[in-house]
Amino acid sequence: MDRIIFHVDLDCFFAAVEILDHPEYKGFPVITGADPKKGKGRGVVSTCSYEAREFGLHSGMPISKAYHLCPHGIYVRANFGRIKEISTQVMNILNKYSPVFQQVGSDEAYLDMSEIAKDMKQALEIANNIKDEIQSEVGITCSIGVAFTKSLAKIGSDCNKPNGITLITPENYKVILSPLKITRIPGIGKKSKIYYEKHGFQLIGDFFKIPKHKMIAKFGDRGRWIHNLINGNEERKVHDSSYIYHRKSISKERTFYEDTDDYQEIIAKITDLNDKIHDILEKRGILYRTISLKVRFKGFETFLRSKSFNSAIRNQKKALEVVLDLYQEFYSKKKKIRLIGLKFSNLKESSKSNQKKILDFIKQF
DNA sequence: TCTGGGGTCCTAGGACCC
DNA sequence: TCTGGGGTCCTAGGACCC
C-alpha cells in the first residue's frame, strides 16, 4: 500500500510575515535580508515577494545586486520574533491534521496522512482544508505537495507556487517530473548541476531514459540515489512527535562590515562570539568536545581549524585559549579577514541538565 | 553581481590499534 | 624486510538546505 505524504511549504514566508504586519506593503516588491545601504551593503536577500521576483530577485542574491535591479523595493530586516510566532501558529494547525508530523526550519513541514486519508481524492480535500485554515486563521498562503514519498512531496510543493496543490501518484510521477530541471531534485545544487549537465543531463526526464544499472555504472552511489528518488523508491519516514531531535553543533559567525587585519578588532570579535555561544550552552546545559575556528579571507578563501578534547567540557576561558591558539596560524598570513566564526560540536548534555529533565519528568505524576 | 548565518551530511587521508 | 586488513577517531574541505 502506497503511503500518502504531504509537504507543506509557506510561500515566501519571511516576506509574507512583513506583509501581514504591514498590509500597506501588499502588492509591492518586499525584500527581507541584509541592509542594502544604497547598494553598498554586504549580505544577501533572505526572501522576497513575488512582485520582487518580477525584477529578477531571488533568495541568496547579493543585496547590492538586488538593490541595483530593484532600487524602489521595500527592504526590511527579518523580524525573527514575529516569524517564530507565526510559524508556531501554522505548525500547531498542521499538527492537528496528523500526529505523524515533522517540521523543517520555520516554514516547512511533512505530514504522513496514510492513516488519515483513505485515497488520493480525500487527500486532495484535506490539503485544500489545510490551505484554507492557514489562510483564514493566520492570513498567509502555502503550497502543498501530495505524494507517496517525502522527496516527491517536496518536489510537488514547489510545482504550483504560490498557493497551489500538486498531486504526484505512481501513475503520473513521470509525466510531472520529466520536464523539470534536475536542480529541482532536493540535494542537487549548483555544483552537481554543472557536473550532470556535462554528462548530458538537464531535465529529470533525461534520468528516466537511463536504466538503473547504467545510472549506477555511470554515477555510483549518487546514481542509485537519484534513480530511487525520482522513481519514488524511498522509505524515509516522517518523524512523529515522539522523535527527539538532537542538534549536532552550535555555531556563530560574523562578516565584518569591512575586511580587516586589525588584530584587536579580530580578537574582540572572537571573544564576543565565544561569550555569546557559552551563554547559550550554559542555558541549555550543553557540553562540547570539539571547538572549530572558521576564517574567511578577503576574496572568500575559507579555512577551518578544529581541536577535540578527550572528554566533554564547557569552559569559556579554555575555549578562548584554544581558539586563539588556532587563530595564530592565520595571523601570520597578514591577509585581511572578511569573516570569523566559531563552532562547537560533539555535543553532550551535562549530567546536571539530565538530572533536571528526569526530575521534571517525575514531577508530572 | 560579489557572495549572511544557522545548520547537516559526506568524503578522504592519516594516525592508531588489533 | 619492503609491508595485510579492518575498524575507529580526528581533521579539513565542500556540497547543500532553509
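We name chains A, B, ... by the order of the sequence lines, and we start the count at 1 in each one. Everything numeric in this text was worked out from a predicted model, so none of it was measured. Both backbone and side-chain heavy atoms feed into the values below; hydrogens, waters and symmetry mates do not.
Which of B/dG5, C/dC18, B/dT8 sits closest to the side chain of A/Glu253 comes down to B/dG5. When the nucleotides C/dT11, B/dG4, C/dA15 are ranked by their closest atom to the side chain of A/Val44, B/dG4 comes out on top. Between B/dG5, B/dG7, C/dG13, one nucleotide has an atom nearer to the side chain of A/Ile250 than all others, and that is B/dG7. Residue A/Ser306 places its side chain closer to C/dT11 than to any other of B/dT3, C/dT11, B/dG7. Closest approach to the A/Arg296 side chain among B/dG4, C/dA15, B/dT8 is made by B/dG4 (side chain taken as heavy atoms from C-beta onward). Residue A/Ser64 has its side chain nearest to B/dC2 when only C/dG13, B/dC2, C/dC10 are considered. Which of C/dC18, B/dT3, B/dG5 sits closest to the side chain of A/Arg254 comes down to B/dG5. The side chain of A/Lys190 sits closest to C/dC16 out of B/dT8, C/dC16, C/dC18. Relative to the side chain of A/Lys248, the nucleotides C/dG13, C/dT11, B/dT8 differ in distance, and B/dT8 lies closest. Listed nucleotides: C/dC10, B/dT1, B/dG7. Nearest to the side chain of A/Lys65: B/dT1.
A straight line from CZ of A/Arg236 to C1' of B/dC9 spans 12 Å, rounded to a whole angstrom. Rounded to an integer number of Å, the gap from NE2 of A/His68 to C1' of B/dT1 is 9 Å. Atoms CG (A/Leu326) and C1' (C/dA12) sit 13 Å apart, rounded to a whole Å. A/Ile194 has its CD1 atom 14 Å from the C1' atom of C/dC16, to the nearest Å. In this structure, NZ of A/Lys276 is placed 10 Å from P of B/dG6, rounded to the nearest angstrom. In this structure, A/Lys252 atom NZ and B/dG4 atom P are separated by 16 Å, rounded to whole Å. Spacing between atom CZ of A/Phe13 and atom C1' of C/dC18 amounts to 12 Å, rounded to whole angstrom units. In this structure, A/Arg289 atom CZ and C/dT11 atom P are separated by 9 Å, rounded to whole Å.
For A/His72 and A/Tyr67, the gap between ring centers reaches or exceeds 6.0 Å.
A/Asn228 and A/Lys212 share a side-chain donor-acceptor pair at under 3.5 Å. A donor-acceptor contact under 3.5 angstrom links the side chains of A/Asp240 and A/Ser242, judged on distance only. Side-chain contact of A/Thr271 with A/Asn274: a donor-acceptor pair under 3.5 Å is absent, judged by distance alone. Side-chain N/O atoms of A/Thr141 and A/Asn163 include no donor and acceptor closer than 3.5 Å. In this model, no donor atom of one side chain and acceptor atom of the other lie less than 3.5 Å apart for A/His278 and A/Gln316.
An OP1 or OP2 oxygen of C/dC9 is reached within less than 4.0 angstrom by no side-chain nitrogen or oxygen of A/Ser308. Between A/Ser46 and the phosphate of B/dG5, there is no side-chain N or O to OP1/OP2 separation shorter than 4.0 Å. In this structure, A/Ser251 reaches the B/dG7 phosphate: one of its side-chain N or O atoms is under 4.0 Å from OP1 or OP2. Here A/Arg305 reaches the OP1 or OP2 of C/dA12: one of its side-chain N or O atoms lies under 4.0 Å away. For the OP1/OP2 pair of B/dG6 and a distance below 4.0 Å, the side-chain nitrogens and oxygens of A/Arg247 include no atom meeting the criterion. At least one side-chain nitrogen or oxygen of A/Tyr245 sits closer than 4.0 Å to the OP1 or OP2 atom of B/dT8.
For the salt bridge (Lys or Arg N to Asp or Glu O under 4.0 Å) with A/Glu301, the qualifying choice from A/Lys335, A/Arg296, A/Lys294 is A/Lys335, the only one to do so.
Projected onto DNA chain B by closest heavy-atom contact, A/Ser249 and A/Ala34 fall at different nucleotides, the more 5' of which corresponds to A/Ala34.
Under the stacking criterion of a centre-to-centre distance below 5.5 angstrom and an interplanar angle below 30°, A/Phe300 is not stacked against the six-membered ring of B/dC2.
Rounded to whole Å, the separation between the C1' atoms of B/dG4 and C/dC16 comes to 16 Å. Distance noted for atom C1' between B/dT1 and C/dC17: 22 Å (whole Å).
In a base pair of the Watson-Crick type (N1 to N3 plus N6-O4 or O6-N4) or a G-U wobble (N1-O2 and O6-N3), with each distance short of 3.5 Å, B/dG13 is matched with C/dC10.
Within 4.0 Å of A/Ile63, counting heavy atoms only, lies no atom of the nucleic acid at all. Using a 4.0 Å heavy-atom cutoff across all strands shown, A/Ser59 reaches no nucleic acid atom at all. Among the atoms of the strands shown, only primed sugar atoms or phosphate atoms (P, OP1, OP2) are found under 4.0 Å from some heavy atom of A/Leu339. Across all strands shown, A/Lys154 has heavy atoms under 4.0 Å from sugar-phosphate atoms exclusively, and none from any base.
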